[in-house]
2 protein chains.
Amino acid sequence: MTIKEVSERYNISQNTLRYYERVGMIPRVHRTSGGIRDYQEEDLGWVELALCMRSAGLPIEAMSEYVKMVQQGDSTIPARLELLLRQREKLLAQKSQIEETLERLNVKIANYTKCGTLSACTDPAQ
Amino acid sequence: MTIKEVSERYNISQNTLRYYERVGMIPRVHRTSGGIRDYQEEDLGWVELALCMRSAGLPIEAMSEYVKMVQQGDSTIPARLELLLRQREKLLAQKSQIEETLERLNVKIANYTKCGTLSACTDPAQ
DNA sequence: TCTTGACTTATAGTTGACTACAGGGCTTAC
DNA sequence: GTAAGCCCTGTAGTCAACTATAAGTCAAGA
């Protein structure tokens, strides 16, 4: 699969695909004899994982670290697990922060739709 | 309340507090006759709201726009409501993305704790 | 009054995550 | 075999959100 096809499939720019590979967020992609990227199933799996992590807001650095450890073999398994647990904690915290903000937004939205008085709407707490 | 006290209360740098004010993410804070910031209750309310929105990942620009509209008066109420609804949509999308990523992380974590075989752990899909 | 330390604005630098060239190589259709 | 269109690497630019610094002002204690 060419880089163009992958970029269209996942709706991500070719530049970004090359960038992810360069910074180690995905392992080096298979190439043709001419040096052109030819994504295999496994490469696509890494791309998908990378996009999933990024779209949740996890940093590139964490994924790069993980990829590096996978390539270093079994001895890094405990460290990999630790990394995954840390990222899960981050996501859980982020999720509850979003929920808090959503509640606050809901209060404000309710105030705007129910009343419409100036006083209720210039108070940041409302 | 001085900028130092506010920065300690919300665990945010003084520089960031000044920055938020400069870019209009919070309205101009009350000053002493000497020109020094003296945060009032309302100022604190804005700071709190700003921090809440930022920690959920909403962009500074959206808050600045909102603050600007609040200062322009009642005529902007419909536009403000629209902005709030847009931000809520964003947060809901972000939340479900996080949930998806959490599930994926959970699968990987389960694989690492249950088996520990190399094959299960070099496959990005696992 | 004078010094010390916190405050002011304005400007410049940093970081993370892209994004956009420049200059050149491969491939395929004619 | 050559022109057109992808693809390559490497480097430089951009953008959001800070973060740090410089040069100067204000305020409280000795």
Side-chain angles (χ1 to χ4, degrees), chain A residues 1-40 43 46-47 49-68 86-87 90-91 94 97 101, chain B residues 1-40 43 46-47 49-68 86-87 90-91 94 97 101:
Chain A
M1 210 172 190
T2 69
I3 195 169
K4 189 184 183 192
E5 289 166 330
V6 178
S7 99
E8 279 163 1
R9 175 160 171 179
Y10 294 111
N11 202 30
I12 178 186
S13 81
Q14 302 182 20
N15 271 333
T16 300
L17 280 167
R18 294 192 197 102
Y19 170 71
Y20 281 177
E21 189 179 339
R22 184 154 47 80
V23 298
M25 193 184 178
I26 59 175
R28 186 177 164 82
V29 170
H30 180 255
R31 313 281 159 126
T32 65
S33 55
I36 286 177
R37 284 176 185 80
D38 182 19
Y39 289 79
Q40 312 290 7
D43 297 321
W46 280 110
V47 168
L49 179 62
L51 290 176
C52 182
M53 299 297 147
R54 279 300 302 133
S55 60
L58 292 180
I60 283 181
E61 206 198 336
M63 259 303 278
S64 306
E65 217 180 307
Y66 180 77
V67 167
K68 208 171 126 195
R86 261 203 316 279
Q87 301 310 313
K90 269 196 196 173
L91 284 191
Q94 183 63 12
Q97 181 57 57
T101 305
Chain B
M1 209 175 192
T2 68
I3 195 169
K4 188 186 184 191
E5 289 166 328
V6 177
S7 100
E8 280 162 1
R9 176 160 172 180
Y10 294 110
N11 201 31
I12 180 187
S13 81
Q14 300 181 24
N15 270 333
T16 301
L17 279 167
R18 293 192 197 101
Y19 170 71
Y20 281 176
E21 188 177 339
R22 184 153 46 83
V23 298
M25 194 182 178
I26 59 176
R28 186 177 164 84
V29 169
H30 180 254
R31 313 281 159 127
T32 65
S33 55
I36 286 177
R37 284 176 185 79
D38 182 21
Y39 290 79
Q40 312 290 8
D43 297 320
W46 281 109
V47 168
L49 179 63
L51 291 176
C52 182
M53 298 296 147
R54 278 300 301 135
S55 59
L58 292 180
I60 285 182
E61 206 198 335
M63 260 304 280
S64 304
E65 216 179 309
Y66 181 76
V67 166
K68 207 170 126 195
R86 261 202 317 277
Q87 302 310 313
K90 271 195 197 178
L91 283 190
Q94 182 63 11
Q97 182 57 58
T101 305

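This one's a predicted model, so the numbers in the text were calculated from it and none came from an experiment. By convention in this document, chain letters (A, B, ...) are assigned in the order of the sequence lines, proteins followed by strands, and residues within each chain are numbered from 1.
A pairwise comparison of heavy atoms in P59(B) and R54(B) identifies CA-NH1, 4.2 Å as the closest pair.
For S7(B) (side chain) and S13(B) (main-chain N/O), no donor-acceptor pair under 3.5 Å exists by modelled atom type. A distance-only check finds a donor-acceptor pair linking the side chain of T101(B) to the backbone of Q97(B) [under 3.5 Å].
Comparing M25(A) and S33(A) by the nucleotide of DNA chain C that holds the closest heavy atom to each, the one mapping nearer the 5' end is M25(A). For the pair T32(B) and I60(B), nearest-nucleotide mapping onto DNA chain D gives the more 5' position to I60(B).
When rounded to the nearest whole Å, the span between CG of N11(A) and C1' of dC18(C) equals 15 Å. Per the geometry, CG belonging to N15(B) stands 12 Å off C1' belonging to dG13(C), to the nearest Å. Atom CG in L17(B) sits about 12 Å away from atom C1' in dC18(D), given to the nearest Å. Separating the CD atom of E21(A) from the C1' atom of dA17(C) is a distance of 17 Å, rounded to the nearest angstrom. As rounded to whole Å, 17 Å separates atom P of dG16(C) from atom CE of M63(A). Atom-to-atom, CG of L51(B) to P of dC18(D) comes out at 9 Å; the value is rounded to the nearest Å.
With rounding to the nearest 0.5 Å, the separation of CD1 in I60(A) from OH in Y19(A) is 4.0 Å. In this structure, CG in L17(B) is found 12.5 Å from CZ in R22(B), a value given to the nearest 0.5 Å.
Ranking dC18(C), dA17(D), dT11(D) by closeness to the Y19(B) side chain, first place goes to dA17(D).
Evaluation of the salt bridge (Lys or Arg N to Asp or Glu O under 4.0 Å) rule for R37(A) yields E21(A) as partners, not counting sequence neighbours.
Taking 4.5 Å as the limit, every side-chain heavy atom of E5(A) sits out of range of all side-chain heavy atoms of Y39(A).
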Got a list of protein N/O to nucleotides 3-8 of chain C N/O distances below 3.5 Å?
residue	atom	partner	partner atom	Å
dC7(C)	OP2	Q14(B)	OE1	3.4
dC7(C)	OP2	Q14(B)	NE2	3.4
dT8(C)	OP1	R37(B)	N	2.7
dT8(C)	OP1	R37(B)	NH1	3.0
dT8(C)	OP2	R18(B)	NE	3.0
dT8(C)	OP2	R18(B)	NH2	3.2
dT8(C)	OP2	R37(B)	NH1	3.3
dT8(C)	O5'	R37(B)	NH1	3.4

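Remark: R54(A) is in phosphate contact with dC18(C), judged by side-chain N or O atoms under 4.0 Å from OP1 or OP2. Between Y20(A) and the phosphate of dC18(C), there is a side-chain N or O to OP1/OP2 separation shorter than 4.0 Å.
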